[in-house]
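Below is one structure, written out as structure tokens; the observations come after it.
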Amino acid sequence: MNIYDELQWRGLINQVSDEDKVRTYLSGQGATMYCGFDPTAESLHIGNLVPLLCLARMKRAGHNPIFLLGGATGLIGDPSGKDKERELSRQEDVDARSEKIKAQVRRFFERNTGERPEITNNYIWTKDLTTIELLRDVGRYFTINWMLQKESVKGRLDREDVGISYTEFSYMVLQGYDYYHLFKTKGCRLQIGGGDQWGNITAGCELVRKKCAQEENTQEEVYALTFPLITTASGKKFGKSEKGAIYLSPDLTPPYAFYQFFINTDDRDVIRFLKLFTFLDQEEIAALERELAAAPHLRTAQKRLAEEVTRMVHGQPELDRVMAATEALFGGGTIKGVDPATLRAALETAPHCHYAPGTVPDLPQILLDLKLATSKGQARKDIQGGGVYINGERVDEDQDVAESDFMGGEVLIIRKGKKNYGLVTRG
RNA sequence: GGUGGGGUUCCCGAGUGGCCAAAGGGAACAGACUGUAAAUCUGUCGUCGAACGACUUCGGAGGUUCAAAUCCUCCCCCCACCA
């Protein structure tokens with residue numbers, strides 16, 4: 001199956017500049033394509049999983065994917081999909097984030113393709129570009145009229161309360177130049193990206209075409225392909241949970257929380273997500289779909305989705321730990337029956353606090369220390385509402401932590417709501 | 001630079017001197033029902049406090065007043081049109 005057709009089946013194709021030509025481009029092997037990632041945070045998040053995974057799919061299909069870190073564009077700020085001007089990041093922050101993301105991308109790619117990824121950074125070729133060069137050699141191929149038509153710009157112009165700075169307005173020029181650069185140096189003819197990147201990507205396509213035609217008198221064509229915006233059935237933006245964005249870095253989102261995020265996928269979304277976020281083939285996904293229809297309460301599809309994605313991002317050993325934790329906490333039976341060491345291991349990534357003997361505070365304070373509540377008042381209300389459990393048993397109002405609640409004299413499990421756990425140790 | 005319109009609690013957004021910790025919606029959290037799902041219903045949703053209550057908040061700094069998110073002064077920021 002042509003990788004293009006596979007992408008189509010998975011629902012990964014939103015817009016393509018030229019379907020037939022892209023299919024042809026991808027039909028053999030050794031085609032080159034790239035996707036950019038701006039270092040706006042210390043870590044990529046699950047919204048980046050689609051392009052990340054797509055580049056891995058390309059590698060598996062025998063192509064040459066390139067990861068482009070936006071060391072330069074990250075300093076400018078992409079207006080796409082943003083309804084407000086954003087704060088400019090400091091250079092050293094962007095550099096530091098770029099390094100972290102680079103390491104993250106490498107681990108992900110090696111784990112899922114067995115090969116080293118090709119990673120570059122647009123700062124390399126952008127930093128020495130002079131103003132005059134930028135304006136004369138790049139800027140002149142963009143007309144303002146055309147730029148104003150772009151969704152990312154129009155959205156800002158139409159609004160009454162915000163504008164767009166020249167800085168962000170120029171973003172597409174830089175991104176366009178990246179494409180030109182990668183085309184000239186790597187022969188890259190396909191750029192992929194999120195649905196909001198269509199304008200930026202096509203800006204690059206235009207630039208390549210015009211620049212080659214005018215300066216070298218050659219006719220060159222490069223392509224654009226975007227993924228759909230991932231939506232959820234409930235209409236929420238995908239990738240945000242109660243706790244905020246779900247990051248790929250275990251430091252920002254514990255693997256347990258990561259796994260749980262996928263476990264909680266809505267029935268209506270799970271099959272679509274299996275296609276988008278895993279390497280499972282048509283047959284396997286069809287089987288899971290049948291199981292979902294026959295026995296939705298078993299949530300086989302959700303479990304498989306969570307397993308696959310967690311393994312891809314965090315690796316098998318981490319997945320084993322996380323599944324053990326899930327089994328201990330949700331697998332029926334009482335928590336008291338599980339031995340303290342297992343619990344401790346299971347809740348390794350859950351919030352945790354430790355008190356010296358005799359210094360154990362009252363329950364609301366513990367909830368606050370565990371960050372399971374935002375204030376003592378809120379903690380108290382949660383307790384009153386019957387939402388807090390010690391070792392699996394609901395806490396009554398005014399009840400406090402007793403000596404005997406510490407299993408083995410040292411471990412105590414607190415739960416708020418159905419699935420928020422915290423671990424308290426003593427000694 | 002000129003003219004006009006704005007900046008309210010996580011977000012949107014009401015509020016033009018006391019009845020305002022501030023309507024309404026969204027998000028979020030908890031409970032019920034369930035399948036660690038969805039939908040629905042209920043409660044909570046500035047901080048502290050068991051509670052009467054106390055304290056802090058409406059771009060910033062001053063001021064008027066018994067009393068200010070609301071009035072005045074200066075400053076900062078955003079938007080539109082004009083130059």
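Here is how names work: the chains are called A, B, and so on, in the same order as the sequence lines, proteins then strands, and each is numbered from 1. Remember, predicted model here, so these are calculated numbers, not experimental data.
- B/U70 sits 11 Å from B/G17 when the P atoms are compared, rounded to a whole Å.
- The distance from atom CG of A/Leu367 to atom C1' of B/C48 is 17 Å, rounded to the nearest whole Å.
- In a base pair of the Watson-Crick type (N1 to N3 plus N6-O4 or O6-N4) or a G-U wobble (N1-O2 and O6-N3), with each distance short of 3.5 Å, B/C10 is matched with B/G26.
- Remark: the separation of the C1' atoms in B/C19 and B/C11 is 28 Å, to the nearest Å.
- Of all nucleotides listed (B/C48, B/U36, B/G35), B/G35 comes nearest to the side chain of A/Gln302.
- Rounded to the nearest Å, the gap between the P atom of B/G7 and that of B/A69 is 16 Å.
- Taking every side-chain heavy atom of A/Lys376 into account, B/C48 is the closest of B/C48, B/U36, B/A38.
- Listed pair A/Ser375 / B/C48 meets the phosphate criterion, a side-chain N or O lying under 4.0 Å from OP1 or OP2.
- A parallel orientation is assigned to the rings of A/Phe37 and A/Phe67, their planes being inclined by less than 30° (bins at 30° and 60°).
- Comparing B/C78 with B/U44, their C1' atoms are spaced 35 Å from each other, to the whole Å.
- For A/Lys303 and B/A37, the NZ to P distance is 13 Å, given to the nearest whole Å.
- Ring geometry, A/Trp146 versus A/Phe142: the interplanar angle falls from 30° to 60°, so the pair is classed tilted.
- Across B/C41 and B/G26, the matching P atoms stand 10 Å from one another, rounded to whole Å.
- A/Leu372 places its CG atom 19 Å from the P atom of B/C45, with the value rounded to the nearest Å.
- Between B/A21 and B/G53, the two P atoms lie 12 Å apart (nearest whole Å).
- Taking every side-chain heavy atom of A/Gln378 into account, B/U44 is the closest of B/U44, B/A37, B/G35.
- Rounded to whole Å, the distance from OH on A/Tyr389 to P on B/U36 is 13 Å.
- Residue-level contact check: A/Tyr421 touches neither bases nor backbone, having no heavy atom under 4.0 Å from any strand.
- B/U16 is unpaired under the criterion used here, namely a Watson-Crick or G-U wobble arrangement in which both key atom distances are under 3.5 Å.
- Contact annotation for A/Arg394: backbone-only contact, meaning every heavy-atom pair under 4.0 Å involves sugar-phosphate atoms and none involves a base.
- In this structure, of B/G35, B/A30, B/U36, it is B/U36 that holds the atom nearest to the side chain of A/Ile263.
- Base pairing analysis places B/U57 opposite nothing; no Watson-Crick or G-U wobble pair with both distances below 3.5 Å involves it.
- Between B/C52 and B/A22, the distance separating the two P atoms is 13 Å to the nearest Å.
- Regarding A/Lys416, its NZ atom lies at a distance of 11 Å from the C1' atom of B/U44, rounded to whole Å.
- A/Asp266 comes within contact range of the sugar-phosphate backbone alone, with a heavy-atom separation under 4.0 Å but no base atom that close.
- Base-pair partner of B/A50: not found among the strands shown (Watson-Crick or G-U wobble, both distances under 3.5 Å).
- The base-pairing partner of B/U64, taking Watson-Crick or G-U wobble contacts with both distances under 3.5 Å, does not exist among the strands shown.
- The pair A/Lys303-A/Glu307 fails the salt-bridge criterion, with no side-chain N (NZ, NE, NH1 or NH2) lying under 4.0 Å from an Asp/Glu carboxylate O.
- RNA chain B is contacted by both A/Asn264 and A/Lys381; A/Asn264 maps to the nucleotide lying nearer its 5′ end (nearest heavy atom per residue).
- With A/Tyr141 as the aromatic partner, A/Lys210 does not meet the cation-pi criteria of under 6.0 angstrom to the ring centre and within 45 degrees of the ring axis.
- Taking the six-membered ring for Trp and thresholds of 30 and 60 degrees, A/Trp125 and A/His181 have nearly parallel ring planes, at less than 30 degrees apart.
- Ion pair A/Glu289/A/Lys275 not flagged as a salt bridge, since none of the NZ, NE, NH1 or NH2 atoms sits closer than 4.0 Å to an Asp/Glu carboxylate oxygen.
- Protein atom CG of A/Asn420 is 15 Å distant from nucleotide atom P of B/U36, rounded to whole Å.
- For the side-chain contact (heavy atoms from CB on, under 4.5 Å) test with A/Cys35, the passing option among A/Leu55, A/Val50, A/Leu52 is A/Leu55; the others fail.
- Comparing the same atom, C1', in B/U3 and in B/A54 gives a spacing of 47 Å after rounding to whole Å.
- Nucleotides of RNA chain B nearest to A/Leu368 and A/Gly387 differ in position, and the one nearer the 5' end is that of A/Gly387.
- For the pair A/Gln260 CD and B/G35 P, the computed distance is 17 Å after rounding to whole Å.
- The interatomic distance linking A/Arg380 (CZ) with B/C45 (C1') rounds to 16 Å, in whole Å.
- Nucleotide B/C81 has B/G2 as its partner under the Watson-Crick or G-U criteria, with both atom distances under 3.5 Å.
- Nucleotide B/G35 forms a pair with no other nucleotide shown, judged by Watson-Crick or G-U wobble geometry with both contacts under 3.5 Å.
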